[in-house]
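Have a look at the structure below before the remarks.
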Amino acid sequence: MRRLRSQDAIEVAEGAGLRACYKSMGVTDQELHRPLVGVVNSWSELVPGHIHLRTLSAAVKAGIRMGGGTPFEFNTIAICDGIAQGKGMYYVLPSRDVIADSIELVVQAHQLDAMVLLASCDKIEPGMMMAMARLDLPAIMLTGGPMLPGRFQGRDVAFPFVREAVSMVRRGVLSEDEYQELEDGINPTCGSCAMMGTANTMAAVAEALGLTLPGSATTHAVDAAKIRMAKRTGMRVMEMIEEDLRPSNILTKDSFENAIRVCEAFGGSTNALLHLPAIADEAGVELAPDDFERLSLTTPYLIGLTTSGPHPVKALQDAGGLPALLKELSPLLHLDALTVTGKTLGENVARARNLSPEVLHSIDNPIRPTGSLAILKGSLAPGGAAVKWSGVAPEMQVHTGPARVFESQEAAVEAINGRSINPGDVLVLRYEGPRGGPGMREMHLATSALMGMGLGNSTALVTDGRFSGSTHGPCIGHIVPEAAEGGPIALVQDGDTITIDIPARRLDLHVSEAEMDRRRARWQPPEPRIKKGYLRRYSQWARPVSEGAGLDGLERSESTRALSGKINW
């Protein structure tokens, strides 16, 4: 085996101190002279998608030892989007960069030779992929797998329904006993939520990028096959060390385009528009919202997974998993893209079969001819906005209505539950972007309230915040520039007319430029909501959402300045 960087520290006379430290933990000389592999575990008792990762990490470590390496497990943080509600949601997106940074610090300080990374949920998976790209050591990811779907009144259900059901009880559509039954049974096992939310979207992204073994994304958390896959993952990383196979060999523009097409084909979360550019940036690959739009127009929508369709993620697994979806998409993919298997994507999926063509459609018989994500631009969003249009009812694909402006999600939810929102209104939720939030909260409390109150197919919502992968309905997020940077959304007033035209990819505010200039001259940036701690730093350094909303954004780009208008930076 080739010379390892850990040996440069361990196998010299000056390494006596570190050898002694390792030996104090029971490590033998033989173990020290093997490749040292970090097993980066995000296990947590706070996160249902991660509660089982200790079992998987033990299997990974067994695989590493079988392959002749020495595993060292360490943890990074994990936050559950389903639990971090209200004020807690401010902290979720910023945690992604903390995760990437924490992995970098440990792996570089200890000069580990390779990594296996375990995660299941929304910001942890992209944070780990960012670290893989940044460190560029032999590395492989194992995603923890989805939970099984719940059952309610004879049908499969997934997590979003319980949020909407709160308002359904208020309306008298569900009884309190029925609601209790739903709450108790909707999440029946550990794992990531049984829908194509951000967690399962990013697990599929990891597999499509070539960073996991085939089948990792949809092999469920409670399946024994996941433990076998964990052992093979540990064994495979040892082969990658010998081959010197690194993320820089895998993360190319072609592999990112493959991942985008997968997201478009199954109704993936709009959060992919945040995370893929951030991962690409770490890999030195340019990726912009226009890439999503370009690929959306030529990628068919093949499977209706919750919340864009009726099926839980298990339906995709039963159809053959992500390899089967990739096989159906193969005429549109870069099949020569390299993966962690040492083989190309095309070689990985060559033997895959679609076992449920009535659920997973072919590109010759798609559900819809174009992908599920769309980028809208116009006078309200000069830098773009995002919508998962596959979850929007046909009658709301084009909508014009009066603005109802709210300075926070909480104010909007109070108005919705107070029955003061009318069909046809366009709710404007602002100062919820990366800097203005700070932290760019998910607006799922507002969208769930709209759905539960029966307004989901008559009332639209636009915001500089973001949406959960569980969101459906006419919900437009990621508006650039955000309100805190003086974007047009900051200047909207109650009663202004807004048009959403998804087929034409437009989002327009019908206010004259002269009036906008008058409003802009009077506008003042608000006082920051949070004045200390990590979120204060994040609000100062976060980049625009169109660039992934990562850190390093203290110096705003010229394009963002121009889009924001005449603001004295």
Side-chain angles (χ1 to χ4, degrees), residues 160 163-173 270 307 374 376-381 385-389 391-433 436-437 441-468 470-479 482-483 487-512 515-516 519:
R163 290 172 173 157
E164 298 170 10
V166 175
S167 294
M168 295 171 71
V169 173
R170 291 192 178 103
R171 292 169 55 210
V173 176
T270 52
T307 56
L376 313 184
K377 292 186 178 181
S379 58
L380 186 54
V387 61
K388 184 164 70 173
W389 71 266
V392 180
E395 62 268 26
M396 291 298 290
Q397 294 283 326
V398 179
H399 178 73
T400 296
R404 294 288 305 277
V405 180
F406 299 94
E407 310 299 329
S408 70
Q409 177 175 219
E410 286 77 6
V413 171
E414 183 178 352
I416 296 166
N417 290 333
R419 300 178 185 269
S420 65
I421 301 300
N422 300 313
D425 286 348
V426 179
L427 280 65
V428 178
L429 278 63
R430 63 189 180 195
Y431 297 107
E432 291 286 4
R441 293 189 296 174
E442 291 179 340
M443 301 290 103
H444 59 66
L445 294 179
T447 58
S448 297
L450 281 175
M451 287 292 173
M453 295 301 285
L455 295 168
N457 290 334
S458 63
T459 304
L461 189 156
V462 299
T463 180
D464 53 5
R466 61 191 177 91
F467 294 109
S468 166
S470 65
T471 298
H472 56 122
C475 302
I476 317 299
H478 297 208
I479 288 179
E482 62 174 287
I489 190 173
L491 310 178
V492 181
Q493 296 181 0
D494 278 337
D496 289 347
T497 301
I498 293 173
T499 292
I500 300 164
D501 189 338
I502 295 174
R505 304 302 200 254
R506 296 291 303 180
L507 180 61
D508 288 303
L509 174 65
H510 299 290
V511 175
S512 71
E515 173 61 19
M516 292 294 282
R519 294 180 187 182

Hey, are the side chains of [X] and [Y] touching, using non-hydrogen atoms and a 4.5 Å cut-off?
| X | Y | answer |
| --- | --- | --- |
| Ile502 | Val387 | yes |
| Glu432 | Ser408 | yes |
| Val462 | Ile500 | yes |
| Gln397 | Pro503 | yes |
| Ile479 | Leu507 | yes |
| Phe467 | Leu461 | yes |
| Leu509 | Met516 | yes |
| Leu445 | Val413 | yes |

- prompt: How far does NE2 of His444 sit from SG of Cys475, to the nearest 0.5 angstrom?
  reply: 12.5 Å
task: To the nearest 0.5 Å, tell me how far Asp501 CG sits from Arg506 CZ.
output: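 So the CG of Asp501 and the CZ of Arg506 are separated by 9.0 Å.
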Atom pairs and distances, side-chain donor-acceptor, residues 450-458, under 3.5 Å, sequence neighbours left out:
none

query: Is Gln409 reaching over with its side chain to a backbone N or O of Ala446, donor-acceptor style, under 3.5 angstrom?
result: yes
field: Any donor-acceptor N/O pair, Arg171 side chain to Met168 backbone, under 3.5 Å
entry: no
field: Glu410, CD atom: more than 12 neighbouring heavy atoms under 6.0 Å
entry: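 Above 12, so yes.
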Donor-acceptor contacts, no H, no angles, side chain residues 419-429, under 3.5 Å, sequence neighbours left out:
unit_1: Ser420; atom_1: OG; unit_2: Ala415; atom_2: O; d: 3.1
unit_1: Asp425; atom_1: OD2; unit_2: Arg404; atom_2: NH1; d: 3.3
unit_1: Asp425; atom_1: OD2; unit_2: Asn422; atom_2: N; d: 2.9

query: Can you check side chain to side chain contact (heavy atoms under 4.5 Å, CB included) on Thr307 and Lys388, steps first, answer last?
result: CA-CA 10 Å; Thr307 56; Lys388 184 164 70 173; 3.5 Å; yes
field: Partner set under side-chain hydrogen bond (donor to acceptor under 3.5 Å, both in side chains) for Thr400, not counting sequence neighbours
entry: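 Partners of Thr400 under the side-chain hydrogen bond (donor to acceptor under 3.5 Å, both in side chains) test: Thr499.
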side-chain contact (heavy atoms from CB on, under 4.5 Å) partners of Ala483, counting only residues at least two apart: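 Result, side-chain contact (heavy atoms from CB on, under 4.5 Å) vs Ala483: Arg430, Tyr431, Asp464, Ile489, Ala490.
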- prompt: For Gln493, what residues pass the side-chain contact (heavy atoms from CB on, under 4.5 Å) criterion, not counting sequence neighbours?
  reply: Asp496, Arg519, Arg522
message: My understanding is that only residues two or more places apart in sequence, or in another chain, count here; which of them pass salt bridge (charged side-chain N to carboxylate O under 4.0 Å, His left out) with Arg466?
response: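 Glu442.
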Taking all non-hydrogen atoms of both residues, which atom of [X] and which atom of [Y] are closest, and how far apart?
| X | Y | answer |
| --- | --- | --- |
| Ala374 | Trp389 | CB-CD1, 3.8 Å |
| His399 | Ala460 | CD2-CB, 4.2 Å |
| Ala449 | Ser167 | CA-OG, 3.6 Å |

task: Step by step, work out the side chain to side chain contact (heavy atoms under 4.5 Å, CB included) result for Thr463 and Ile476.
output: CA-CA 6 Å; Thr463 180; Ile476 317 299; over 6 Å; no
